[in-house]
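Here, residue 1 is the first one in the sequence, and each next residue gets the next number. Bear in mind the structure is a predicted one, so any value in this text is a computation, not a measurement. We count ligands from 1, going down the list as the structure has it; atoms in each ligand are counted the same way.
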Amino acid sequence: MMEKHRIAVFGAGYIGLVTGACFAKLGHDVVVRDIQKERVEILQNGGVPIYEAGLAELIAENADRLRFTLDAEEAVRDSDVVYVCVDTPSTLSGDADLSRIWQVIDTLGEARHLAAVVVKSTVPVGTGARVRAAMDQAGLQHVGYASNPEFTAEGQAVRDFLQPDRVVIGADDSRTAKLVAQLHEGVGGPVVEMDVPSAEMVKLAANALLATKISFTNEIATVCEATGADVEQVVHAVGLDHRLGPHYMKAGVGWGGSCFPKDSRALRAMASNSGYSFQMLSSVIEVNDLQPRRAVQRLKDELDGTLRDRTIALLGITFKPGTDDVREAPSTILASRLLAEGAAVRCWDPLARPLATAPWSSATRYATPLEAMTGVDAVVIVTDWPELRDVDWDQAAAVMARPLMFDGRNLLEPQRMGSLGFTYMSVGRRTVRGA
Ligand SMILES: NC(=O)c1ccc[n+]([C@@H]2O[C@H](COP(=O)([O-])OP(=O)(O)OC[C@H]3O[C@@H](n4cnc5c(N)ncnc54)[C@H](O)[C@@H]3O)[C@@H](O)[C@H]2O)c1
Ligand SMILES: O=c1ccn([C@@H]2O[C@H](COP(=O)(O)OP(=O)(O)O[C@H]3O[C@H](CO)[C@@H](O)[C@H](O)[C@H]3O)[C@@H](O)[C@H]2O)c(=O)[nH]1
């Protein structure tokens, strides 16, 4: 029979809420603690402050085993396991900012009754050892420590949590490893146990390799553009090699989000701090920085060498479809660059939360793609929202001042767009010029 635990989850963000709701679904009693009053109040009143597919339903269905609080002491007092799911953003040096992790460790106080503290946040290798030492010093020697990195992708996080490719558990002692494995009873996917530093490294290595695959594809796309090959045809056939696979080889205006950018910087910084220059990762990051800039340059070339007083519509703000998250989205670089070149920027997105900060404070947002495109000099597909396939592109060509498109996700079919009169540019494919 499944052993039920009382889990305190610290952090009610994308990861903490999914973790808390999924553990409640698995039968554990969960309290989620956050420091943001407004966020906790929304949750206490039955709302969900972020969008994640299936999350609101999961929280509602498991409400009797899931509560929310601002009170750290209360959360720890009533629990036997603490899960740390706080944010670990980039500092100005590119290192991961661990201040929130330390805030949580500090709030543990004298919680000797705890069986384990588990860090799910993405952290540099060596963090666990430092936390362990701090816990020992605080008299928590008998409380276990584990690293249990998270591999869910936004938009499908609930599914990924419940049916993961693997559950990685890094622990220094078998009792703690066994406990964390027990918490996951009912979750599909293999449990892989290892030491704490290796578990921390798995997370950083996996994200770096995924980002590398995308940047590699984007490099191939640039060479395709220069030589007349078509990256979509190339990648399709390359991906049929079972040793390579088709995943994370979609060319585009670059990878963004809350993880790849900050985690690749953190891994590079971590290597640099030990005196090693991770040159390949630096190139992966640089290629990604160039992608949206190249798109702006290609638009500029097409618009007679200037973007001044041109109006450009950006379709998609979020870093990928299926999420409301705009953290480090390529759209932000595109909008900023276009504004800097003197263009007026309009935008559309079905899910992105309203943004009051730059560059979005200077961009007018429209309710539909067609409204956003009316009267513009060019349109850019930034996020591959599926509904963009169903836009009436014939009508769009008619309402735009010039039917010029940069498809930054290779979402549409070049010949068709050409036949509708568009000058259609995309990533790693030939430009088609409509009549
Ligand atoms: N977002 C993802 O898809 C994803 C996937 C895998 C791993 N991760 C990692 O998980 C961690 C969390 O990411 P996220 O996207 O959920 O971040 P987030 O910013 O959405 O959520 C973090 C939450 O922690 C809260 N918080 C900060 N300090 C706190 C404290 N002392 N006590 C309680 N709550 C506190 C914040 O208020 C915020 O609500 C990061 O390390 C991230 O790298 C994220
Ligand atoms: O072939 C591809 C695949 C993705 N992307 C872009 O890459 C970014 C990240 O996409 P995705 O991996 O789907 O989103 P995340 O939610 O950021 O998930 C990543 O980051 C998480 C946080 O660490 C990890 O847990 C996940 O395993 C990892 O996929 C987005 O901008 C995508 O548009 C591409 O350009 N081409």
For atom 44 (C) of ligand 1, closest protein heavy-atom neighbour: Ile15 CG1, 3.2 Å
Ligand 2 contact by Ala153, heavy-atom criterion under 4.0 angstrom: yes
Side-chain ion pair, Lys25 and Glu61, N-O less than 4.0 Å: no
Arg409 to ligand 2, any heavy atom closer than 4.0 Å: yes
Lys213 near ligand 2 by a heavy-atom separation under 4.0 Å: no
Within-shell test, Thr122 vs ligand 2, heavy atom, strictly < 4.0 Å: no
Shortest protein heavy-atom distance from atom 32 (N) of ligand 1, along with the residue and atom involved: Arg33 NH1, 3.1 Å
Taking atom 25 (O) of ligand 2 as the reference point, the nearest protein heavy atom with its distance: Thr152 O, 2.7 Å
Ligand-residue contact atoms, ligand 2 with Glu154, heavy atoms, under 4.0 Å: 16 (O)
Of the listed options Phe319, Tyr14, Phe260, closest to atom 28 (C) of ligand 2 (non-hydrogen atoms): Phe260
salt_bridge(Asp289, Arg293) N-O dist < 4.0 Å: no
Nearest-neighbour protein heavy atom for atom 36 (N) of ligand 2, which is reported as residue plus atom name and distance: Lys250 O, 2.9 Å
Identity and separation of the nearest protein heavy atom to atom 21 (O) of ligand 1: Gly13 CA, 3.2 Å
Sole residue of Val168, Val118, Val81 in side chain to side chain contact (heavy atoms under 4.5 Å, CB included) with Val180: Val118
Nearest-neighbour protein heavy atom for atom 25 (C) of ligand 1, which is reported as residue plus atom name and distance: Asp34 OD2, 3.2 Å
Qualifying residue for salt bridge (Lys or Arg N to Asp or Glu O under 4.0 Å) with Arg100, from Asp87, Asp106, Asp34: Asp87
Aromatic ring pairing Trp348/Trp385, orientation class (parallel under 30°, perpendicular over 60°, tilted between): perpendicular
Identity and separation of the nearest protein heavy atom to atom 11 (P) of ligand 2: Tyr248 OH, 3.5 Å
Arg327 and Glu154 ion-paired at < 4.0 Å: yes
Nearest neighbour of atom 35 (C) of ligand 1 from the list Val86, Ile50, Thr152, on a heavy-atom basis: Val86
salt_bridge(Lys4, Asp29) N-O dist < 4.0 Å: yes
